[in-house]
K.L.:
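Okay, here's the structure, questions in a sec.
Keep in mind the model is a prediction, meaning the values are calculated, not measured.
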Amino acid sequence: MPLKRLLAKRTENMGASAIREILKVVSQPGMVSLAGGIPAPESFPLEIMTELTARVIEKYGSQAFQYDLTEGFTPLREILAEYLKERGVKAKPDEVIVGTGSQGFLDAMGKALITPGDKVAVEAPTYLGAIQALNPYEPDYISIATDDSGVIPDSLEEVLKNNEIKLIYLVPTFQNPTGRTITLERRKKIAALIIKYRALLIEDDPYSMLRYRGEPLPPIKTLAPDNTVYISTLSKVFAPGLRLGFCAAPPVILRWLVLVKQGVDLHTSTFNQALAAEYMAGGYLERHLPKILGIYKPKQEAMLSALSMYFPADFYFSRPEGGMFIWVAGNLDMDVVYEKAIEKNVAFVPGKYFFTKKGEGKGTMRLNYTMSDEATIDRAIKTLSGVIRNFK
């Protein structure tokens, strides 16, 4: 039976994640990965998981193993509302929805809002996972220019002025892939623009708790609450395998996210949500976060130091105050560099995958530092530099 003919037309816009394919290469013996955006296993709070599990069973009993509300486990939504309040985001518990990771919200937004041909404004470059989530709904991507301070407001205004934009997608803090953070001044301008043009912003915020230097910045959601869907996750500060994300959105959008989720998975794991509720309400996150920062900060510093020491002077690299990524740009085809680097047992992600237009980003790469120790990072960057210099 020719099963291929059964596939929906939208599958033409779906493909395997380039990063997932690269991670298959990373699994080869001896390979050093500067590729994936994977939290370090040593950052997981394994030492308290037995205690948390016992607390969940004692406190909630069979409720933790039962079907639950699509919107999310009520105790977790209550503590998330308190967490958001501390960040300046005003959201009652019934205005917060819990999802199976934040990725599901991106797909749900596409399913609920995007008709083929609708224009979606994104940073250039932007998060690959967002592109993959929205692609099946056939949007027309419009690029917003960026620099070291993130989105350039004048570029955003040109995009909004000259196009009928269905939604805007941004990662304002420690962006994936560049690590850049939009300044407070620009956040205010962006908020004013989306209000002025009655635009809807998806603010994806998975990394803001991973700050190693500098002062925290308010989410854009705090500056334009009625125009912003705020999405975040516990994957970077609890355990990614539990797949827990959350979202605060205007009521009309929230209703449709719930309806979409009902058709996909009914609700996110009750037990996992109960674990997260106890993790946050019991003060475990507050106590554990400094350990996570203590793991990542020296790794990032080791990579920045190695890039300064070994890379050619005409190569640019970002200098983030937090997050998980560093962005590199040079005058070489990074696909070719990647192939030679793999031969030397060093893997990274060519930057072209983070652009929506073919041909862009050929001279860029994304580097991750969370999965290797400092000495390994130094050796890997030195090796990668050697590969690059052989082309120059």
K.L.:
Between the side chains of Asp205 and Arg87, is the shortest nitrogen-to-carboxylate-oxygen separation below 4.0 Å, so that they form an ion pair?
P.N.:
yes
K.L.:
Could you give the distance from CD1 (Ile253) to CZ (Arg255), rounded to the nearest 0.5 Å?
P.N.:
11.0 Å
K.L.:
Measure across Phe105 and Gly99 and return the closest heavy-atom pair with its distance rounded to 0.1 Å.
P.N.:
CZ-N, 3.3 Å
K.L.:
Please say whether the positively charged group of Arg319, taken as NZ for Lys or CZ for Arg, lies over the ring of Phe317, i.e. under 6.0 angstrom from the six-membered ring centre and within 45 degrees of the axis.
P.N.:
yes
K.L.:
Verify, without hydrogens or angle tests, whether Thr222 (side chain) and Pro219 (backbone) share a donor-acceptor contact under 3.5 angstrom.
P.N.:
yes
K.L.:
Would you check if Ile97 and Val258 make a side-chain contact, meaning some heavy-atom pair closer than 4.5 Å?
P.N.:
yes
K.L.:
Using a strict 4.0 Å threshold on nitrogen-to-oxygen distance, state whether Glu58 and Arg55 make a salt bridge.
P.N.:
no
K.L.:
Are the ring centres of Phe348 and Tyr338 closer than 6.0 Å?
P.N.:
yes
K.L.:
Would Leu69 and Leu259 show up in the same hydrophobic cluster when neighbours are defined by side-chain heavy atoms closer than 4.5 Å?
P.N.:
no
K.L.:
Between Glu71 (side chain only) and His267 (backbone N and O only), is there a donor and an acceptor less than 3.5 Å apart?
P.N.:
no
K.L.:
Do Lys161 and Asp154 sit within salt-bridge range, that is, some charged N less than 4.0 Å from a carboxylate O?
P.N.:
no
K.L.:
Are any side-chain N or O atoms of Ser33 and backbone N or O atoms of Ala35, one a donor and one an acceptor, separated by less than 3.5 Å?
P.N.:
yes
K.L.:
Is there a path from Leu156 to Leu217 through hydrophobic residues (I, L, V, M, F, W, Y) whose side chains come within less than 4.5 Å of each other?
P.N.:
no
K.L.:
Can you tell me if Glu95 uses its side chain to pair, donor with acceptor, with the backbone of Lys92 under 3.5 Å?
P.N.:
yes
K.L.:
State, with a plain yes or no, whether a side-chain heavy atom of Pro240 is found less than 4.5 Å away from one of Phe44.
P.N.:
yes
K.L.:
Evaluate side-chain contact (heavy atoms from CB on, under 4.5 Å) for Arg379 paired with Thr376, printing each intermediate quantity in order.
P.N.:
CA-CA 5 Å; Arg379 289 195 303 271; Thr376 302; 3.3 Å; yes
K.L.:
Which pair of non-hydrogen atoms, one from Gly150 and one from Ile182, has the smallest distance, and what is that distance?
P.N.:
CA-CG1, 4.0 Å
K.L.:
May I ask whether Val122 and Leu167 are part of the same hydrophobic cluster, defined by side-chain heavy atoms of I, L, V, M, F, W, Y residues being less than 4.5 angstrom apart, directly or through others?
P.N.:
yes
K.L.:
Please give me the minimum heavy-atom distance between Ser43 and Ile292, naming the atom from each residue.
P.N.:
O-CG1, 3.8 Å
K.L.:
Is the shortest distance from a Lys or Arg side-chain nitrogen in Lys352 or Asp335 to a carboxylate oxygen in the other one below 4.0 Å?
P.N.:
yes
K.L.:
Under the 3.5 angstrom rule, does the side chain of Asn163 hit a backbone N or O of Val159 as a donor-acceptor pair?
P.N.:
yes
K.L.:
Roughly how far, to the nearest 0.5 Å, is the OG atom of Ser269 from the CG atom of Asp68?
P.N.:
10.0 Å
K.L.:
Parallel, tilted or perpendicular for Trp327 and Phe355, by the 30°/60° rule?
P.N.:
tilted
K.L.:
Grouping I, L, V, M, F, W and Y whenever their side-chain heavy atoms are under 4.5 Å apart, do Leu84 and Val237 come out in a common cluster?
P.N.:
yes
K.L.:
Can we say Lys196 and Glu157 salt-bridge, meaning some charged N sits less than 4.0 Å from an Asp/Glu carboxylate O?
P.N.:
yes
K.L.:
Between Thr178 and Arg366, is any pair of side-chain heavy atoms under 4.5 Å apart?
P.N.:
no
K.L.:
Return yes if some donor-acceptor pair links the side-chain N/O of Thr115 with the main-chain N/O of Asp118 below 3.5 Å, else return no.
P.N.:
no
K.L.:
For residues Tyr212 and Tyr296, determine if any side-chain heavy atom of one lies less than 4.5 Å from a side-chain heavy atom of the other.
P.N.:
yes
K.L.:
Mind checking whether Phe246 and Tyr83 have parallel, tilted or perpendicular rings, split at 30° and 60°?
P.N.:
perpendicular
K.L.:
Donor-acceptor pair, Arg389 side chain versus Tyr310 backbone, under 3.5 Å?
P.N.:
yes
K.L.:
Is Ser385 reaching over with its side chain to a backbone N or O of Ile381, donor-acceptor style, under 3.5 angstrom?
P.N.:
no
K.L.:
Is it the case that one hydrophobic cluster holds both Leu200 and Ile165, taking links as side-chain heavy atoms less than 4.5 Å apart, direct or via other members?
P.N.:
no
K.L.:
Among Arg187, Arg211, Glu321, Glu203, whose side-chain hydrogen bond (donor to acceptor under 3.5 Å, both in side chains) with Thr173 holds?
P.N.:
Arg187
K.L.:
I'd like to know whether the aromatic ring centres of Phe354 and Tyr127 sit less than 6.0 Å apart in this structure.
P.N.:
no
K.L.:
With distance as the sole criterion, is a donor-acceptor pair present between the side chains of Arg10 and Asn135 under 3.5 Å?
P.N.:
no
K.L.:
Where the side chain of Gln175 meets the backbone of Pro125, is there a donor-acceptor pair that is under 3.5 Å apart?
P.N.:
yes
K.L.:
Atom NZ of Lys236 and atom CD1 of Ile38: how far apart are they, to the nearest 0.5 Å?
P.N.:
10.5 Å
K.L.:
Given the side-chain rings of Phe73 and Tyr60, with only the six-membered ring counted for Trp, is the space between their centroids under 6.0 Å?
P.N.:
yes
K.L.:
Quick one: does any side-chain atom of Asn227 pair with a main-chain N or O of Ile194 as donor and acceptor, under 3.5 Å?
P.N.:
yes
K.L.:
Quick one: do Leu384 and Phe311 satisfy side-chain contact (heavy atoms from CB on, under 4.5 Å)? Show the steps, please.
P.N.:
CA-CA 8 Å; Leu384 188 53; Phe311 263 45; 3.9 Å; yes
K.L.:
Starting at CE of Met280, measure out to CZ of Phe238 and round the result to the nearest 0.5 Å.
P.N.:
10.0 Å
K.L.:
Test Lys261 against every option in Thr70, Thr268, Asp107 by the side-chain hydrogen bond (donor to acceptor under 3.5 Å, both in side chains) rule and name the one that passes.
P.N.:
Thr268
